[in-house]
Amino acid sequence: QVQLKESGGGLVQAGGSLRLSCVASITSIFNITIMEWYRQAPGKQRELVAHVTNDDRESYPYSVKGRFTASRDNVRATFYLQMNNLKPEDTAVYFCVAGRRWWGQGTQVTVSS
């Protein structure tokens, strides 16, 4: 069982930046092959926004590519999402996911126009 805790969400103006953090309840996340960030906006389907393997291969959907960057600190058991040039359509609850099994409770990101 892995517990995940996200932080770093908040209210930001369009064009601004936020950095989300996800801390896992284990010593290291090195053995977790895949770490991901998802988001869900009201009335919309959950969307994958970042996928990072434990050998640092990254992938992003077109909607955030070039603006979002995910990274993992395996030793600190922390997973990050750097979000730049935020847009109102990025408003959502953002979830950290470990090993495609364990989910955090989410952190709200609100981008005002």
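- Using modelled atom types and a 3.5 Å distance limit, the side chains of Arg46 and Tyr38 yield no donor-acceptor pair.
- Taking hydrophobic clusters as Ile, Leu, Val, Met, Phe, Trp and Tyr residues chained together by side-chain heavy-atom distances below 4.5 Å, Val97 does not share a cluster with Leu81.
- Counted within 6.0 Å of CD on Glu89, heavy atoms from surrounding residues, nucleotides or ligands total more than 12; the atom is thus considered enclosed.
- The CD1 atom of Ile32 sits 7.0 Å away from the CG atom of Leu4 when rounded to the nearest 0.5 Å.
- No continuous path of hydrophobic side-chain contacts links Phe95 to Phe68 [ILVMFWY only; heavy atoms under 4.5 Å].
- Annotation: Gln105, atom CD; neighbour count of heavy atoms from other residues, nucleotides and ligands within 6.0 Å does not exceed 12.
- A side-chain N or O of Ser63 and one of Glu47 form a donor-acceptor pair less than 3.5 Å apart.
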Stepwise, does the side-chain contact (heavy atoms from CB on, under 4.5 Å) test hold for Asp90 with Arg67? CA-CA 11 Å; Asp90 295 319; Arg67 300 188 298 121; 2.7 Å; yes
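- Note that NE2 of His51 and CE of Met35 are 11.5 Å apart. Values are rounded to the nearest 0.5 Å.
- Annotation: cation-pi geometry satisfied between Arg19 and Tyr80 (NZ/CZ under 6.0 angstrom from ring centroid, within 45° of ring axis).
- If you check the side chains of Asn84 and Ser17, you find a donor sitting under 3.5 Å from an acceptor.
- Atom CZ in Arg72 sits 7.0 Å away from atom OG1 in Thr53 (nearest 0.5 Å).
- Residue Gln40 holds its CD atom at 12.0 Å from OH of Tyr94, rounded to the nearest 0.5 Å.
- A distance of 5.5 Å separates CD of Glu6 from CH2 of Trp37, quoted to the nearest 0.5 Å.
- Taken to the nearest 0.5 Å, the OG1 atom of Thr91 stands 7.0 Å off from the CD atom of Gln108.
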